[in-house]
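Worth knowing before you read on, the calculation uses all heavy atoms, side chains too, and leaves out hydrogens, waters and symmetry mates.
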Amino acid sequence: MASHKNVNALTAGGVLVSLGIVFGDIGTSPLYTLKAIFKTVVESGQTINTDLVLGALSCIIWTLTLQTTVKYVIITLRADNKGEGGIFSLYSLVRKKAKWLVIPAIIGGAALLADGMITPSITVTSAIEGLHVVFPQVSVLPIVIAIISLLFIIQQFGTNLVGKLFGPIMFLWFAALGVAGISQIVHDPSIFKALNPYYAIHLLVTNPAALVILGGVFLCTTGAEALYSDLGHCGKRNIRISWIFVKMMLIFNYLGQGAWILKNPGYDPHNALTNPFFKLIPDGMVLYMVILATMAAIIASQAMISGSFTLISEAVRLNLWPKVRINYPSVQKGQLYVPSINWLLCVGCIIIVLIFKKSDNMEGAYGLAINLTFLMTTVLVAVYMLRKKFPIYLIVMFVSVYGVIELSFLVGNMAKFIHGGWVTLLISCALLSVMWTWYSARKIKNRFVKYVEIEEYYGILKELSDDVSVPKYSSQLVYLTSANFKTEIESKIIYSIIQKEPKRADVYWLVHVDVMDEPYTMDYKVEFLIPGKLIRIDFKLGFRIEQRVNLLYRKVVEELVKNGEVDITSQYTSLNKHKITGDFRFVLLEKHLSKFTNLSFYERSIMDYYFMLKHFSLSEETSFGLDSSYVDVEKVPLIFVTPEDIELNRLAV
């Protein structure tokens, strides 16, 4: 795909796009990170002093260095799947290594989706709260809810036009962060001592509230996962170069906030009017900075929403999420709109804003879920390194260092559980239950699928096709098969064709879709099992390719007709002489659970939940892009009950 090769080229435009797409979340963290850290310090009964400020700043700087720069920018960006990133792309690269890898993949995916609800809430609220500096009496909640609602409403129209403005706006935002920070640093250059990791280590070793402080420090790196998720839109070289500028501006801003706090020892982190971020700005410029911060928050939220859409579309293709409607609102590559997820996130964001009311309260809910994603990415990257035959000592170092760092952050974030962390964990668990159920139910269903050797039925199928005593069901009869090998076929398909209602057709087609580990593969192969009578098409589609079976099948048939490999002209005498194309009919076999006795209580619960989810998901014909006017759906039991399963005693007369 040419467009995907182009994003890897290092260009000024690519760097600007990276600023607009990748760094929104991490770029808005200065709005609330230091405020959150010192709030926990004050609540633990300590006073803010020079050691605490330098220690907190040092923790932030070295978290950005180790967690964002080293782990994501240098190491994780190497694990690209044909130019694509994100936790499901990474899972696709390593899933053949071990079946258990689905667990970290779905935990990380569920946590990322939960984060998609809290990110717009906290970033937009933090930005709008800056209005209190200029207008102390203004009511923030209605403005926040209006902005969030509008943000989700416009998703259905596509964000192609708005997206072109993201880069310049974010460049302006990061430049403003740097300038605001430097304006304070010049009054106290000693703040640069925070670059020394000694102050971070000293704080963590000596401060009794070190773990709680870490929970606040973690907020500075919560957007790091977006660097990897948006790899396919920007390319690793553009992300790496733009990160140098972004990191410098972030550090300048954090140091500037630290310098202001040292100059104002009476600083109260609980007072919304004294957010150190807005105190760096001259009074006459605060309103403009609030507007710029709001735009940056909207861009951060947009990136998270778009990432959620991509994540769900991948999960659907990988059979980790129910089939949902996916729209393509613009011609922009990779732009998706998933209505169900859009409104789920919208309602979730508004509820979070109404529950917590202030960004101070949301800080407790933020970070805990994304911390799990970081840990799960570490596990998957370690397996990727193993697959790529990295030296064992490097893999051990990677797992040890990031295991310790991220587990420490997790312990620190667990302190937030009662202060709102339970909300995002609850959302994560709900999303996780959907993913696990959909994945497990498929495994259970596959256990009961019985395959037969298709060669044994070649003679019968040929004779049935030629048997004029049987009413013709369709000229071209198409079945979707899950059989991976051309020698096999589900017994249910044979039952449907031969026994349930004998279905005579000129040509029988078997269509199989194989989801590949690469993102954009679009290959197919054709097997003529019975020349002119039974044909099998195998599609090999990447996990980011829309499975429009109807269009793909038609395209293949057109090519076969053009090459003279198949004749689809109607065999009805009156139509044949006019060269009229024969009719097509798809038959879908829909499984239902007629008997539970062969399942354990756990499996029975999984299947109950699965069929409940299936009720709300798209039908098979809609999800495969089939026109319902020429689709027949036949319900078949998941578990067949045979006479051998029944014990009967015959009584003597």
Q: Determine yes or no for a side-chain-to-main-chain donor-acceptor pair under 3.5 angstrom, with Gln155 supplying the side chain and Leu151 the backbone.
A: yes
Q: Please lay out, stage by stage, how Val381 and Tyr228 fare under the test side chain to side chain contact (heavy atoms under 4.5 Å, CB included).
A: CA-CA 12 Å; Val381 169; Tyr228 183 44; 5.8 Å; no
Q: Is a donor on one side and an acceptor on the other found under 3.5 Å between the side chain of Asn238 and the backbone of Cys234?
A: yes
Q: May I ask you to test the Ile493-Thr481 pair for a side-chain heavy-atom distance under 4.5 Å?
A: yes
Q: Can you tell if the side chain of Leu380 reaches within under 4.5 Å of the side chain of Leu101, non-hydrogen atoms only?
A: yes
Q: Which heavy-atom pair separates Lys247 from Thr65 by the least distance, and what is that distance?
A: NZ-OG1, 2.8 Å
Q: Determine yes or no for a side-chain-to-main-chain donor-acceptor pair under 3.5 angstrom, with Ser440 supplying the side chain and Thr437 the backbone.
A: no
Q: Is it true that a side-chain atom of His512 and a backbone atom of Asp538 form a donor plus acceptor pair closer than 3.5 Å?
A: no
Q: Decide yes or no on ring pair (Phe, Tyr, Trp, His ring centres under 6.0 Å) for Phe586 and Tyr553, but give the supporting numbers first.
A: CA-CA 11 Å; Phe586 281 81; Tyr553 168 72; 5.5 Å; yes
Q: Does some side-chain heavy atom of Thr310 sit less than 4.5 Å from a side-chain heavy atom of Ser306?
A: no
Q: By the ring-ring contact (aromatic ring centres under 6.0 Å, His included) test, which pairs, at least two apart or in different chains, include something from residues 63-120?
A: Tyr72-Phe374
Q: Filter on salt bridge (Lys or Arg N to Asp or Glu O under 4.0 Å), then keep only pairs touching residues 390-411, sequence neighbours left out; what's left?
A: Lys71-Glu406
Q: Leu541 versus Leu552: any side-chain heavy-atom pair under 4.5 Å?
A: yes
Q: By the definition ring-ring contact (aromatic ring centres under 6.0 Å, His included), identify the one residue from Tyr610, Tyr609, Phe616, Trp321 that meets it with Trp438.
A: Tyr610
Q: Less than 4.5 Å apart, side chain to side chain, heavy atoms only: is that true for Phe409 and Leu407?
A: no
Q: Look at the side chain of Thr521 and the backbone N and O of Gly542, then say whether any donor-acceptor pair between them is shorter than 3.5 Å.
A: no
Q: Give a yes or no on this: more than 12 heavy atoms of other residues, nucleotides or ligands lie within 6.0 Å of atom CH2 of Trp343.
A: yes
Q: Do Val513 and Val549 pass the side chain to side chain contact (heavy atoms under 4.5 Å, CB included) test, and can you show the C-alpha distance, the side-chain angles, and the key distance before you say yes or no?
A: CA-CA 8 Å; Val513 177; Val549 171; 4.0 Å; yes
Q: Measuring from Met516:CE to Glu518:CD, what's the distance to the nearest 0.5 Å?
A: 5.5 Å
Q: Checking Ile103 against Trp436 for the side chain to side chain contact (heavy atoms under 4.5 Å, CB included) test, could you report, in this order, the C-alpha distance in whole Å, the side-chain angles of both residues, the deciding distance, and whether it holds?
A: CA-CA 8 Å; Ile103 297 172; Trp436 180 251; 4.1 Å; yes
Q: Check whether any side-chain heavy atom of Pro322 sits under 4.5 Å from a side-chain heavy atom of Lys614, and report yes or no.
A: no
Q: Between Asn371 (side chain) and Asn413 (backbone), is there a donor-acceptor pair under 3.5 Å?
A: no
Q: Assess the residue pair Arg447 and Glu603 against the criterion (salt bridge (Lys or Arg N to Asp or Glu O under 4.0 Å)); give the C-alpha distance rounded to whole Å, side-chain angles, the decisive distance to 0.1 Å, and a yes or no.
A: CA-CA 12 Å; Arg447 214 171 67 217; Glu603 289 177 333; 2.6 Å; yes
Q: Could you give me the CA-CA distance, side-chain angles and deciding distance for Tyr479 and Ser496, then say whether side chain to side chain donor-acceptor pair (under 3.5 Å) is met?
A: CA-CA 10 Å; Tyr479 281 86; Ser496 171; 2.8 Å; yes
Q: Please identify which of these residues, Asp25, Thr69, Thr68, meets the side chain to side chain donor-acceptor pair (under 3.5 Å) condition with Thr221.
A: Thr68
Q: Quick check: closest heavy atoms across Leu64 and Cys220, and the distance to 0.1 Å?
A: CD2-O, 3.5 Å
Q: Using modelled atom types and a 3.5 Å cut-off, is there a donor and acceptor pairing between side-chain atoms of Arg317 and backbone atoms of Ile545?
A: yes
Q: Where does the angle between the aromatic ring planes of Phe539 and Tyr524 fall among parallel (under 30°), tilted (30 to 60°) and perpendicular (over 60°)?
A: tilted
Q: Is there a side-chain contact between Leu344 and Met117 in this structure, where contact means two heavy atoms from C-beta onward sitting under 4.5 Å apart?
A: yes
Q: Taking CZ in Arg442 as the centre, count heavy atoms belonging to other residues, nucleotides or ligands within less than 6.0 Å. Is the count above 12?
A: no
Q: Donor-acceptor pair, distance only, cut-off 3.5 Å: does the side chain of Arg240 make one with the backbone of Ile74?
A: yes
Q: Any heavy-atom pair between the side chains of Val631 and Val587 that's under 4.5 Å?
A: no
Q: Backbone N or O of Ala226 within a donor-acceptor pair of the Ser229 side chain at under 3.5 Å?
A: no
Q: Can you name the closest pair of heavy atoms from Val379 and Pro104 and give their distance?
A: CG1-CG, 4.2 Å
Q: Checking side chain to side chain contact (heavy atoms under 4.5 Å, CB included) for the pair Phe485/Tyr451: CA distance, chi angles, key distance, verdict?
A: CA-CA 10 Å; Phe485 306 107; Tyr451 296 100; over 6 Å; no
Q: Glu490 side chain to Ser482 main-chain N or O, any donor-acceptor pair under 3.5 Å?
A: yes
Q: For residues 89-103, which residue pairs pass the salt bridge (Lys or Arg N to Asp or Glu O under 4.0 Å) check, not counting sequence neighbours?
A: Arg95-Asp517, Lys96-Asp517
Q: Please round to the nearest 0.5 Å and tell me the distance separating atom CG of Leu477 and atom CD1 of Ile497.
A: 6.0 Å
